[in-house]
Every structure is written in structure tokens, then in C-alpha cells.
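A short write-up of the structure that comes next.
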Protein chains: 2
Amino acid sequence: MAKPLRKDAQRNRDLLVAAARELFAERGLDVPLEEIARRAGVSIGTLYNRFPARADLIGAVFADRVAATRALAEQALAMPGAWDGLVHFLEGVCAMQAADLGYNALASGRGPYAAADDADLAEGYALMRRIVARAQESGELRPDVTLEDMVFVIWGHARTVEATATIAPRLWRRHLALLLDGLRTPEPSPLPEPSLTPEQARRAMSPQSPCRPDDAASPV
Amino acid sequence: MAKPLRKDAQRNRDLLVAAARELFAERGLDVPLEEIARRAGVSIGTLYNRFPARADLIGAVFADRVAATRALAEQALAMPGAWDGLVHFLEGVCAMQAADLGYNALASGRGPYAAADDADLAEGYALMRRIVARAQESGELRPDVTLEDMVFVIWGHARTVEATATIAPRLWRRHLALLLDGLRTPEPSPLPEPSLTPEQARRAMSPQSPCRPDDAASPV
DNA sequence: TACCTACTTGAGGCTATCCTCAACTTCTCA
DNA sequence: TGAGAAGTTGAGGATAGCCTCAAGTAGGTA
């Protein structure tokens with residue numbers, strides 16, 4: 001299906017993705033596309049040729065993060081301590097959020113994103129579910145939380161990163177430590193609401209639908 | 001200093017503030033000013049006459065929230081239980097965040113805001129500091145956190161409210177319960193970073209400076 | 001080498017929002 | 001009551017970012 005690009009086209013594509021990666025990291029997912037093209041040394045028309053929608057460019061830039069997250073989850077499961085594994089995983093995700101404004105927005109469910117590979121994503125979720133289950137079986141993670149509650153860590157952390165990135169770039173570790181203490185307290189108080197269902201979590205993470213809605217829409 | 005407005009001007013001002021209150025609550029602080037004017041039944045020129053900058057309108061709309069927050073803090077201090085007081089206060093703030101997208105943005109440090117009364121604000125902070133101190137003296141709140149750490153609750157909560165307002169409007173209570181358990185755990189783990197200083201917190205809460213910067217700038 | 005196709009280019013149209021200002025209307029007070 | 005100050009109006013200029021397309025350029029293959 002995917003025809004190879006011509007040599008110059010491939011080069012320009014790579015330049016665009018690299019430029020977008022830098023600018024998304026520095027300034028978030030809303031940077032003007034014209035500025036990305038300029039930094040890549042390529043015209044705005046070329047950008048649109050290669051990436052018809054912003055979501056396509058975002059998808060290309062962050063494809064490697066899906067893989068990185070998955071690798072992180074595998075590392076976590078390989079660790080001897082179940083709780084340590086969970087902490088390792090959450091710390092890793094938070095560190096990526098702290099290092100990259102664009103990833104931070106994406107991880108906390110803002111920004112349009114054309115998923116490169118849904119299967120990869122699904123496997124990632126399965127791994128995370130095992131990380132959580134294992135930490136509960138070991139008795140370290142409180143039994144009344146679910147995988148879906150982990151989004152509270154991601155979401156909660158997102159705003160802290162934005163607000164303090166320049167003022168106190170390491171502060172997020174303190175925030176995370178407090179969150180983690182809430183997840184393993186020996187005296188958990190009863191939780192007042194049920195957690196999100198996986199389906200609800202999926203919807204909450206993608207205000208704009210995660211894949212382009214047009215694909216299925218056009219009847220021609 | 002403040003001359004009384006003419007009768008019609010005062011009526012239009014009130015209409016504008018009411019319209020802005022509704023739209024800010026529904027759609028956040030970014031709603032087009034033209035739309036606010038339209039809902040108020042007034043022309044865009046009138047809006048600009050009364051409120052030269054968006055921050056002025058925001059200041060007028062949310063002046064009562066500063067007072068409400070202060071009242072909440074006083075209630076909290078009047079409660080017999082120190083921990084219950086802290087919870088009451090944080091729940092109250094979070095409930096206001098959940099009920100109003102604009103307040104949510106403001107409380108989590110986004111959005112320009114021309115403070116109506118700095119003294120009022122300062123007194124509010126003093127009250128909050130007492131709420132935190134009292135809860136620590138009673139041994140219920142972990143001793144290694146500060147007032148400045150409470151912004152983690154506000155910030156963390158902000159994104160949860162945005163993401164789940166329509167999907168699960170009461171879910172934030174679960175998030176808050178987990179956060180609170182982290183704040184009173186009997187086995188607190190050491191925190192890896194110092195908390196923000198009051199000055200840092202002030203800066204982190206106002207990416208755009210909270211009062212109009214022009215006031216002092218113009219040399220004429 | 002020569003052709004054809006894939007690719008690039010950037011001026012310019014489109015939209016949304018901000019903000020101004022000169023002409024007009026309404027209140028208020030003597 | 002009427003003069004003048006206070007207030008209102010909305011068309012339109014300014015800006016910013018999105019996106020297109022007709023004309024031009026360059027890689028690849030015969």
C-alpha cells in the first residue's frame with residue numbers, strides 16, 4: 001500500500017518531522033504549521049502535501065513514543081518488585097511529559113492525533129493493566145483503584161509540568177510522590193465514585209476523535 | 001476616584017458581566033468577546049468602552065469568587081475538626097472548579113486576570129495557611145507538606161474536570177479522595193523536592209502577570 | 001539524454017477574532 | 001426644557017493562522 005517516496009520527498013519529510021518534533025516539544029502542539037515548515041527549510045505547500053492534517057504530523061512525530069511507552073511497560077513488568085515496577089512506569093511517563101510539552105498535551109488527552117498503529121496501542125494498554133494488577137496482588141497498590149485511575153496521575157501531572165517547567169523543573173517529582181502515597185496508603189478511605197470504565201477513559205482521552213473522522217464519512 | 005456610571009451604562013455593564021459569567025462558565029475564558037456582547041444585547045463597542053481588556057471583564061466576573069473562597073476558608077477554620085476543615089475547603093474549591101470552566105482555568109493559573117482587590121486576596125492566603133497549619137498541628141495532615149503543595153490539588157484536579165465534565169461529572173470526587181489520602185497517609189514517603197516558595201507559587205499561578213502590566217509602564 | 005511523473009513553491013483567498021473611531025443617541029442637571 | 005456630557009453603535013481595518021492551486025522544478029527510468 002505504501003509506495004516509497006522519491007528521494008527528495010523523503011528527505012523533506014524527515015526534515016519536517018524533525019522540525020515538528022523540536023517545536024512541539026518546546027511550545028506545544030499548537031505551533032503554527034508555517035513555522036514548522038520554515039524551520040524545516042521547506043515551503044508550507046510541501047508540509048500540506050505530506051501531512052494533510054495537523055494530526056498526521058503529530059502522529060508521525062510521536063509514533064516513537066508509543067513504542068517507548070510500551071518498552072517502559074515491559075521494563076516495569078520485568079522488575080522484581082511489583083510496586084517498584086508501577087513506580088518505574090509512572091515515573092517514566094511523567095518524565096517524558098516533563099521533557100516535552102507536546103507529549104504532555106497528548107498524554108493528557110488534548111491535541112488531535114492520528115494513531116499510527118492501533119494494535120500497538122492496545123498491546124500497551126494490556127501491559128499497563130498487568131502492571132496495575134500485579135501491584136495489587138502484591139498488596140502494595142490499594143485494591144480499590146483501577147488502571148483507569150492512573151489517568152489521574154497523568155492528568156494531574158500535566159498541569160504541574162506546564163506551570164512549573166521554567167520555575168521549578170524538578171518539582172513534578174514532589175507532586176508524583178504525593179500521588180503515589182495516595183495510591184499505596186495503608187489506610188485507604190472509601191472512594192466516593194466508581195472509576196471510569198475503559199470505554200469512558202478512551203473517550204475522555206480523546207476530545208477530538210483520535211483518528212481522522214473524514215475517512216469513513218465521505219461516501220464517494 | 002470611581003465616578004458613578006450613568007443609569008443606562010450601569011445596566012449595560014451588569015448585562016455584560018452576567019453574559020460573560022454564563023459564557024465563561026460554559027465554554028472557558030476564551031469565548032469571543034463579540035459573542036459576550038451579543039448575548040448581553042449590547043454592541044461590541046460598548047463592551048470595549050467598559051472593559052478595555054479581557055482581563056478587566058474576567059476580573060469583574062470573578063470578583064465574587066474571591067469573596068466566596070474567603071468565606072469558604074473561614075467556614076473551614078470554624079469547623080471543629082482540623083482535617084475536616086481542610087477537606088471542606090479543598091472540596092469547596094474543587095466543586096467551584098467543576099461547576100465553572102472559567103473559574104477552573106483561573107484557579108489553575110491560566111487566563112489573564114485583573115485582580116479586583118489584592119488585599120482581599122492576601123487575606124485569603126493567610127486564612128489558607130492557617131487551615132494547613134492547623135491540620136498539621138492536629139497530626140492529621142502530613143508534616144512535610146506546605147500550603148504551596150495545595151496547588152497540586154487545584155492543578156491536578158483542573159485537567160480531570162475538563163476531561164470528564166460531560167462524561168462523568170462526579171468523577172473528580174474520586175480523584176480528590178485519592179489526593180487527600182496522599183496528604184494524610186500514616187506512612188509518608190520522603191518527598192524528593194522542596195515545595196515551591198510562596199513567591200514561586202505566585203509566579204507559577206500567573207503566567208501572564210495578574211495585573212495589567214501597562215499601568216506602571218507608560219511614562220506619561 | 002529526454003521525457004514524464006512526482007514533487008515543490010509561495011502568493012493569495014478564507015476565516016475568526018481583535019480592536020477603533022466617527023457619527024449618532026440618551027441621560028442628567030441647571 | 002434644552003444643552004452638553006456621557007454613552008452607544010457597528011462597519012471596517014488589522015492580524016494571525018489555515019489551506020489551495022497553478023506554475024515551475026527535479027528525480028528516475030527508458
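Every chain is numbered from 1 and lettered A, B, ... according to where its sequence line falls, protein lines coming before strand lines. Computed from a prediction, not measured in an experiment: that's the story for all the values here.
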Treating T46(B) as the side-chain partner and V42(B) as the backbone partner, does any N or O pair qualify as donor plus acceptor under 3.5 Å? no

Can you tell me how far C1' of dT8(C) sits from CG of L15(A), to the nearest Å? 13 Å

In whole angstroms, how far is the P atom of dG10(C) from the CD atom of E34(A)? 12 Å

With distance as the sole test, does N12(A) use its side chain to make a donor-acceptor pair with the main-chain N or O of A9(A) at under 3.5 Å? no

Rounded distance in Å - CD1 (I36(B)) to P (dC19(C)): 12 Å

Should T197(B) and Q200(B) be marked as a side-chain contact (heavy atoms from CB on, under 4.5 Å) after you check the CA-CA gap, both sets of side-chain angles, and the distance that decides it? CA-CA 5 Å; T197(B) 64; Q200(B) 282 178 316; 3.3 Å; yes

Expressed in angstrom and rounded to an integer, what is the separation of R54(A) atom CZ from dC18(D) atom C1'? 9 Å

Identified side chain to side chain contact (heavy atoms under 4.5 Å, CB included) counterpart of Y103(A) within the set V61(A), V161(A), V93(A): V93(A)

Main chain of N104(A), side chain of S108(A): is a donor-acceptor contact present, judged purely on distance under 3.5 Å? yes

Please state how far atom CZ in R27(B) lies from atom C1' in dT17(C), giving the value in whole angstrom units. 13 Å

Can you tell me the distance, in whole Å, between the CG atom of L16(B) and the P atom of dT9(D)? 9 Å

Listed nucleotide nearest any side-chain atom of L33(A), set dC27(C), dC19(D), dC18(C): dC19(D)

R11(B) has an atom CZ; how far is it from atom C1' of dT26(C), in whole Å? 11 Å

By nearest-heavy-atom nucleotide on DNA chain C, the more 5' of Y48(B) and K7(B) is Y48(B)

Using the side-chain heavy atoms of I44(A), tell me which of these nucleotides is nearest: dT20(D), dC19(C), dC18(D). dT20(D)

Check the distance between dC7(C)'s C1' and F51(A)'s CZ and give it to me in whole angstrom. 14 Å

Name the pairs: protein N/O against N/O of nucleotides 2-8 of chain D, kept only if under 3.5 Å.
| from | atom 1 | to | atom 2 | distance (Å) |
| --- | --- | --- | --- | --- |
| dA6(D) | N3 | R6(B) | NH1 | 2.5 |
| dG7(D) | OP1 | R6(B) | N | 3.4 |
| dT8(D) | OP1 | N12(B) | ND2 | 2.3 |
| dT8(D) | OP2 | R50(B) | NH2 | 3.1 |

Scan R38(B) against the nucleic acid and name what it touches under 4.0 Å (heavy atoms): base, sugar-phosphate only, or nothing. nothing

Quick one: salt bridge (charged side-chain N to carboxylate O under 4.0 Å, His left out) pairs with a partner in residues 59-68 of chain A, sequence neighbours left out? R21(A)-D64(A), R65(A)-D100(A)

So, R54(A) side chain and L29(A) main chain: donor-acceptor pair closer than 3.5 Å or not? yes

